[in-house]
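Just so it is clear: chains get the letters A, B, ... in the order the sequence lines come, proteins before strands, and each one is counted from 1.
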Protein chains: 2
Amino acid sequence: MNIYDVSRRAGVSIATVSRVLNGNPNVSEKTRTKVLTVMDELGYTPNVFARGLGLGTMKTIGIMCSDSSDPYLANAIYHLERQLRSHGYDSLLCCTGPSLENKRIYFELLLSKRVDAVILAGSKFVELIDKNNDYLIEAAKEIPIMLVNGFLDAPGIYSTVCNDYQAMYGAASLLIGSGRRNILYLYTSHSYSGLNKVEGYKNALTDHNLPVRREYIHQCPKDLTESRKLLEKLDGLGLKFDAVMTSDDSLAVGAVKYAHKKNIRLPQQLAVIGYNNSILSYCTNPEISSIDTKVEQLCTTTVDTLMRVFDGGSVTAKTVISAEFIQKQTTNFSI
Amino acid sequence: MNIYDVSRRAGVSIATVSRVLNGNPNVSEKTRTKVLTVMDELGYTPNVFARGLGLGTMKTIGIMCSDSSDPYLANAIYHLERQLRSHGYDSLLCCTGPSLENKRIYFELLLSKRVDAVILAGSKFVELIDKNNDYLIEAAKEIPIMLVNGFLDAPGIYSTVCNDYQAMYGAASLLIGSGRRNILYLYTSHSYSGLNKVEGYKNALTDHNLPVRREYIHQCPKDLTESRKLLEKLDGLGLKFDAVMTSDDSLAVGAVKYAHKKNIRLPQQLAVIGYNNSILSYCTNPEISSIDTKVEQLCTTTVDTLMRVFDGGSVTAKTVISAEFIQKQTTNFSI
DNA sequence: CATGGTTCTGTAAGCGCTTACATTCTCATA
DNA sequence: TATGAGAATGTAAGCGCTTACAGAACCATG
């Protein structure tokens with residue numbers, strides 16, 4: 001069944017049917033009602049491919065991420081999808097996995113699907129954004145590129161980020177204020193947000209006249225066991241630390257595990273601060289203080305911005321969302 | 001740029017270009033090479049809409065789920081997407097949220113996008129599958145409908161499920177075998193798998209000559225705090241229990257929290273078993289024994305089955321994946 | 001060299017929609 | 001009643017591809 005069937009039965013031309021389909025105001029109320037009735041009777045659904053051909057768009061947004069099963073990204077994708085749908089857009093999901101190679105290939109693939117925009121979710125696209133970003137910039141001339149937790153200054157590229165620097169600065173200051181002097185910092189990767197986080201940590205130390213020591217800053221795979229082992233290793237090397245800050249909750253969970261294993265009291269002997277305030281930070285005992293990066297707000301803002309771009313409105317290239325420190329037990333010194 | 005540009009430059013007809021595009025064998029090697037070279041030179045990408053119009057498909061699969069941020073579903077979606085892509089299919093994600101109303105609306109929406117198949121991921125579609133399933137059955141006449149952790153016997157509908165019954169039966173038997181007599185069972189919902197799980201629990205009791213008692217079976221929202229509170233309440237009511245089995249890890253985490261709060265030793269005084277063996281079950285101390293439902297295998301099988309359906313091969317309507325009990329500390333009685 | 005079977009290529013008719021432009025209708029105004 | 005602006009509708013030409021069918025080219029055979 002197609003537009004001709006509807007037009008025939010409604011006694012109008014296909015142009016009129018199409019107008020009704022597209023909400024064109026140049027249709028008399030009587031005709032519109034008639035056509036809609038017939039469509040309903042026939043159970044007619046317009047063919048999206050034909051529509052796409054004619055309009056050049058199918059109202060679909062590509063969402064790219066490295067690993068959608070990561071709790072943080074999973075949450076982001078959920079909110080992005082729902083938000084986009086509420087605006088009548090579909091979401092084409094594309095998980096690249098860890099391979100950098102894939103990121104570029106899949107990006108091109110997404111473009112070839114003629115999506116109306118691409119959202120790069122998560123800060124794992126740093127290599128793609130910072131280096132060899134020529135094709136990103138090129139693509140942005142055609143369609144909007146939205147970065148969630150990433151930044152690249154180029155026309156057609158819009159960013160929504162969290163104020164990671166301030167968040168980490170604040171959290172570190174809090175620890176220092178409560179007397180901690182040997183604060184370990186564990187991070188998963190030097191992504192866009194990753195760099196801001198570590199800067200926040202370093203500057204907080206400096207501003208409080210504490211030394212920034214190399215041996216207190218370590219990279220660690222995003223894994224509970226790995227981070228636990230790393231702490232055990234550092235401990236074994238004789239490093240003294242009374243607090244652990246992390247760029248991700250999973251590392252903080254590892255820190256709590258380490259403390260359990262070594263019978264270290266939390267937070268008295270060791271304070272722990274996670275990042276993202278994911279469900280993981282609520283699973284441990286004691287629960288881990290963490291930084292709520294407002295994923296939902298981040299996603300809502302991203303989609304709102306995108307819609308404004310589509311509408312041709314004026315849009316700022318970078319929007320910053322304020323994180324919030326969530327005080328839980330691993331920094332509750334009043335116990 | 002379109003197929004005409006390519007054909008002109010390559011000195012062939014558009015039909016030949018189209019043949020090359022579609023891997024039609026009736027093209028001489030020389031011509032094929034020539035056309036491919038020109039495509040490369042021009043950076044030509046076929047228009048997917050036109051292609052969709054001509055072929056009637058765009059190689060896109062709809063993935064529906066209630067909440068993609070749930071760790072279990074997030075994992076499933078990740079694997080489904082990657083698996084589908086490896087077969088050259090795109091994934092159109094559709095999160096319905098909790099509303100049942102939405103599930104139906106979104107399902108229709110997905111169909112109207114002319115997807116080649118729909119995958120219903122997760123057992124949250126039970127209302128949709130068990131009742132008012134007329135339109136599901138109707139849709140399955142047009143395109144394959146794949147159920148992940150759900151079952152409906154109708155032509156065109158294919159299921160991949162986990163042997164939840166056996167898994168739960170085995171886990172309960174294990175507890176009974178180690179002397180537990182008062183085993184609590186907490187579940188989030190009576191979904192397809194939910195029903196099988198509780199049956200496994202009940203039958204294990206019965207087969208070991210233990211009574212199945214109503215007051216030992218409780219529904220609970222999928223939430224750490226809720227399950228903790230529920231246990232506290234039951235405890236307060238004087239109910240005695242020496243083990244907790246759950247239909248989801250999050251409930252089991254709540255059980256561990258309860259034990260911590262009440263200074264109950266795990267597993268000596270209380271054994272705990274989760275479900276899905278998600279990252280949550282590794283976060284607590286002690287770590288929670290759980291049932292690995294082999295999400296990746298579930299997803300791979302689902303996609304493989306779908307591909308076989310597309311290829312017109314013979315396909316069984318229901319494939320069962322074997323879960324595996326993962327022994328961790330909350331049931332390690334040898335300590 | 002004619003013949004017929006293959007293999008390869010081209011022509012043209014869709015696929016179902018959008019939309020510029022042309023046409024018809026409506027109706028207030030002169 | 002004639003008139004012309006504006007609203008409503010129709011006609012037809014795409015959009016870029018696939019593919020049935022026709023036709024050309026090639027080649028081994030008698």
Considering only nitrogen or oxygen atoms on both sides, find all protein atoms under 3.5 Å from nucleotides 19-23 of chain D and state each distance.
none

So which protein nitrogen or oxygen atoms get under 3.5 Å of nucleotides 4-7 of chain C's nitrogens or oxygens?
none

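Every residue meeting the ring-ring contact (aromatic ring centres under 6.0 Å, His included) condition with Y89(A), not counting sequence neighbours, appears here in chain and number order: F310(A). Every residue two or more places apart in sequence or in another chain that forms a salt bridge (Lys or Arg N to Asp or Glu O under 4.0 Å) with K113(B) is listed here: D90(A).
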Practice item. Go through the steps for D5(B) and R8(B) under the test salt bridge (Lys or Arg N to Asp or Glu O under 4.0 Å), then give the verdict. Key: CA-CA 5 Å; D5(B) 299 312; R8(B) 209 172 306 129; 3.4 Å; yes
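A heavy-atom distance below 4.0 Å to DNA chain D is reached by these residues of residues 27-48 of chain A, ordered by number: V27(A), S28(A), T31(A).
With hydrogens and angles left out, the side-chain atoms of Y72(B) and N149(B) include a donor and acceptor closer than 3.5 Å. No donor-acceptor contact under 3.5 angstrom links the side chains of T305(B) and T302(B), judged on distance only.
Between the axis at the start and the axis at the end of the helix from dC1(C)-dG30(D) to dA30(C)-dT1(D) there is an angle of 50°, using five pairs per end and rounding to 10 degrees.
In this structure the side chain of I61(B) never reaches within 4.5 angstrom of the side chain of V118(B), judged on heavy atoms.
With hydrogens and angles disregarded, a donor-acceptor distance shorter than 3.5 Å links the side chain of T60(B) to the backbone of M58(B).
No contact: V17(A) has no heavy atom under 4.0 Å from any strand.
Contact between the side-chain N/O atoms of R51(B) and the OP1/OP2 oxygens of dG16(D) is not found at any separation under 4.0 Å.
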